[in-house]
Amino acid sequence: MENSELIIKTVIHAGTKNVNFFPGTKVIFHFKTTKCDTNKTVIDDSRILGSPMELILGKKFKLEVWEVIIQKMALNEVACFKVDKSLVTSYPFVSKTLREVGKPQSEKRSHHCCGVTLQNEGIGYEDLNELIKYPQDLEFTIELTQIILPNEYEKETWQMTEDEKLKSVPELKEKGNIFYKNQNYDIASEMYAKAIGILEQLMLAEKPNDEEWLMLNKMKVPLLLNYSQCKLKNEEYYSVIEHCTTVLKTDPDNVKALYRRGKAYIGTWDEDKAIKDLKRVAELDPSLQKTIDKELKVFATVIKNKDKTQQQKLAQMFK
């Protein structure tokens, strides 16, 4: 791929800064793809598509030649690369993906994996079908607008190693705690949910109830409880019930899970289950007896008033 006959570079505007590229570096650039015909027929233009391209170097992007040519550039440089057809056979499929980013499924054009069907029906775009049938050299005009080194941006989960994922969990938890203290329960729950998702991904690689799995699950429990507390504050009771129940499957006497689920059952008017959970809380932690008695007394009053209101409405209906 380094063969000068396969990639020919022409500088249009010089860059402002040379950078050493490392695996994991994020590059953001605009591109225009054209045929090498007399009309310089445009196939794609990122400005027309609506957004620049982002690549993480070293992550085996389907169009490998883009990683190669980007690393031949300086920041803010504009250059044209004529690339041999042997290096751009995957371009039609990359182009299709870029054209359909953000579109609803109903607006996406058919894509077939079967070779025979692909040959007969193509991928839904005539110009791309032509490139598949008749491969040709392409020109990429690239404007490299941003170079962000690996330590300068927050990685997406899919970019992380297992160690990085594990390290990010307490950091996300702490962020969630700060948002919770500031009563920003929506953002706090997002932080907790992200951390829970990471742990669940890691748990999939372990055998249930093995030492590593149990360690990860132990880390997940307080996050589930924190997430449930945020949802309780927002009166999203069914979410509270779901996540507290998850905790109680492996820790049936968890007082916080029982208490929060009991409160959520109050919110959903499930009297029997609310009483059962809250009484169990008092059994496990007698110091909470007065709090539980107060909760149940208020709930009983609310239930009684609700029943009276319903009776009055029924009486009015049959007058």
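Quick caveat, the model's predicted, so the values are computed rather than measured.
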Requested in this report: Check ring-ring contact (aromatic ring centres under 6.0 Å, His included) between F81 and all other residues, then give those that pass, not counting sequence neighbours.
Outcome: none
**Report entry** 4.5 Å side-chain heavy-atom contact, K32 and T34
**Finding:** yes
Query raised in the report: Within a radius of less than 6.0 Å around CG of N20, do more than 12 heavy atoms belonging to other residues, nucleotides or ligands occur?
Result: no
Query raised in the report: Can you tell if the side chain of N254 reaches within under 4.5 Å of the side chain of L225, non-hydrogen atoms only?
Result: yes
Query raised in the report: Using 4.0 Å as the upper bound for N to carboxylate O, is an ion pair formed by K194 and E190?
Result: no
Query raised in the report: Under 4.5 Å between side-chain heavy atoms, hopping through other hydrophobics if needed: is there a path connecting L63 to F21?
Result: yes
Query raised in the report: If two hydrophobic side chains count as joined below 4.5 Å and joins carry through other members, does I12 share a cluster with I7?
Result: no
Query raised in the report: Judged by atom type as modelled, is there a donor-acceptor pair below 3.5 Å linking the side chain of D285 to the main-chain atoms of S287?
Result: yes
Report summary line: So CD of E283 and CG of L288: to nearest 0.5 Å the spacing works out to 12.5 Å
Using distance only, find each side-chain donor-acceptor pair of residues 138-146 under 3.5 Å and give its atom names and separation, not counting sequence neighbours.
{"residue": "E139", "atom": "OE1", "partner": "K40", "partner atom": "NZ", "Å": "3.1"}
{"residue": "E139", "atom": "OE2", "partner": "K40", "partner atom": "NZ", "Å": "2.9"}
{"residue": "E143", "atom": "OE1", "partner": "R47", "partner atom": "NH2", "Å": "2.6"}
{"residue": "T145", "atom": "OG1", "partner": "I28", "partner atom": "O", "Å": "2.9"}

**Report entry** Short side-chain donor-acceptor distance under 3.5 Å, D270 and T268
**Finding:** no
Query raised in the report: Looking at K173 and P222, what are the two nearest heavy atoms and their distance?
Result: NZ-CB, 4.0 Å
Query raised in the report: Between R261 and D277, is the closest basic N to carboxylate O distance under 4.0 Å?
Result: yes
Report summary line: Here the pair of heavy atoms bringing V94 nearest to K62 is CG2-CB, 4.0 Å
Query raised in the report: Taking side chain as C-beta onward, heavy atoms only, is L57 less than 4.5 Å from K26?
Result: no
**Report entry** Test item: side-chain donor near acceptor, E295 and Y259, under 3.5 Å
**Finding:** yes
Report task. Decide side chain to side chain donor-acceptor pair (under 3.5 Å) for N39 and T41; before the verdict, give the C-alpha distance in whole Å, the side-chain angles of both, and the deciding distance to 0.1 Å. Result -> CA-CA 5 Å; N39 296 322; T41 304; 4.9 Å; no
Query raised in the report: Rounded to the nearest 0.5 Å, how far does OH of Y265 lie from CD1 of I275?
Result: 13.0 Å
Query - Residues in side-chain contact (heavy atoms from CB on, under 4.5 Å) contact with T89, at least two apart in sequence or another chain - result: none
Report summary line: Closest non-hydrogen contact found for C36 with D137 is SG-O, 3.6 Å
**Report entry** Qualifying salt bridge (Lys or Arg N to Asp or Glu O under 4.0 Å) pairs with a residue from residues 199-225, counting only residues at least two apart or across chains
**Finding:** E200-K220
Query raised in the report: Considering only heavy atoms from C-beta outward, does the side chain of I43 approach that of L131 to under 4.5 Å?
Result: yes
Query raised in the report: Do S86 and D84 meet the criterion of a side-chain donor-acceptor pair at a distance under 3.5 Å?
Result: yes
Query raised in the report: Do L223 and L214 belong to the same hydrophobic cluster, where Ile, Leu, Val, Met, Phe, Trp and Tyr are linked whenever their side-chain heavy atoms lie under 4.5 Å apart, directly or via other members?
Result: yes
**Report entry** Minimum-distance pair of heavy atoms, taken over all atoms of A274 and G262
**Finding:** CB-O, 3.7 Å
Report task. Report the distance from atom NZ of K294 to atom CG of L278, rounding to the nearest 0.5 Å. Result -> 14.0 Å
**Report entry** side-chain contact (heavy atoms from CB on, under 4.5 Å) against V19, all qualifying residues, sequence neighbours excluded
**Finding:** K17, I147, L149
Query raised in the report: With distance as the sole test, does S189 use its side chain to make a donor-acceptor pair with the main-chain N or O of C230 at under 3.5 Å?
Result: no
Requested in this report: Group every Ile, Leu, Val, Met, Phe, Trp and Tyr by side-chain heavy-atom contacts under 4.5 Å, then state whether F29 and V78 land in the same group.
Outcome: no
**Report entry** Any pair counted as salt bridge (Lys or Arg N to Asp or Glu O under 4.0 Å), so long as it reaches residues 238-258, sequence neighbours left out
**Finding:** D253-R280
Requested in this report: Could you tell me the separation between the NZ atom of K59 and the OG1 atom of T25, rounded to the nearest 0.5 Å?
Outcome: 11.5 Å
**Report entry** Electrostatic pair E130-K35, nearest N-O below 4.0 angstrom
**Finding:** yes
Query raised in the report: Considering only heavy atoms from C-beta outward, does the side chain of T33 approach that of S95 to under 4.5 Å?
Result: no
Report summary line: Sorted by chain and number, sequence neighbours left out, ring-ring contact (aromatic ring centres under 6.0 Å, His included) with Y227 holds for H243
**Report entry** Heavy-atom side-chain contact between K233 and Q229 under 4.5 Å
**Finding:** yes
Query raised in the report: What's the spacing between L6 CG and L87 CG if we round to 0.5 Å?
Result: 5.0 Å
Report task. Measure the shortest side-chain to side-chain distance between E54 and V27 over non-hydrogen atoms and say whether it is less than 4.5 angstrom. Result -> no
Query - Pairs satisfying ring pair (Phe, Tyr, Trp, His ring centres under 6.0 Å), at least one member in residues 185-223, at least two apart - result: Y180-Y185
**Report entry** Flag side-chain contact, heavy atom, 4.5 Å: Q201 against K165
**Finding:** yes
Requested in this report: Not counting sequence neighbours, which residues clear salt bridge (charged side-chain N to carboxylate O under 4.0 Å, His left out) with D44? List them please.
Outcome: R99
**Report entry** Separation between CH2 of W269 and OH of Y237, rounded to the nearest 0.5 Å
**Finding:** 9.5 Å
Report task. Check A264 against L232 and note the closest heavy-atom contact, atom names and distance. Result -> N-CD1, 4.1 Å
Report summary line: Exactly one of L199, I196, L202 clears side-chain contact (heavy atoms from CB on, under 4.5 Å) with M219, and that residue is L199
Requested in this report: Heavy atoms only: give me the nearest P135-K85 pair and the separation to one decimal.
Outcome: O-CD, 3.6 Å
Query raised in the report: Taking the side chain from K96 and the backbone from I123, do they hold a donor-acceptor pair closer than 3.5 Å?
Result: yes
Query raised in the report: What pairs with F31 under ring-ring contact (aromatic ring centres under 6.0 Å, His included), at least two apart in sequence or on another chain?
Result: W66
Requested in this report: For K9, check salt bridge (charged side-chain N to carboxylate O under 4.0 Å, His left out) against everything at least two apart and list the hits.
Outcome: E77
Requested in this report: Return the set of residues passing salt bridge (charged side-chain N to carboxylate O under 4.0 Å, His left out) with E162 (not counting sequence neighbours), or none when no residue passes.
Outcome: none
**Report entry** same_hphob_cluster(M53, V88) at 4.5 Å side-chain heavy-atom cutoff
**Finding:** yes
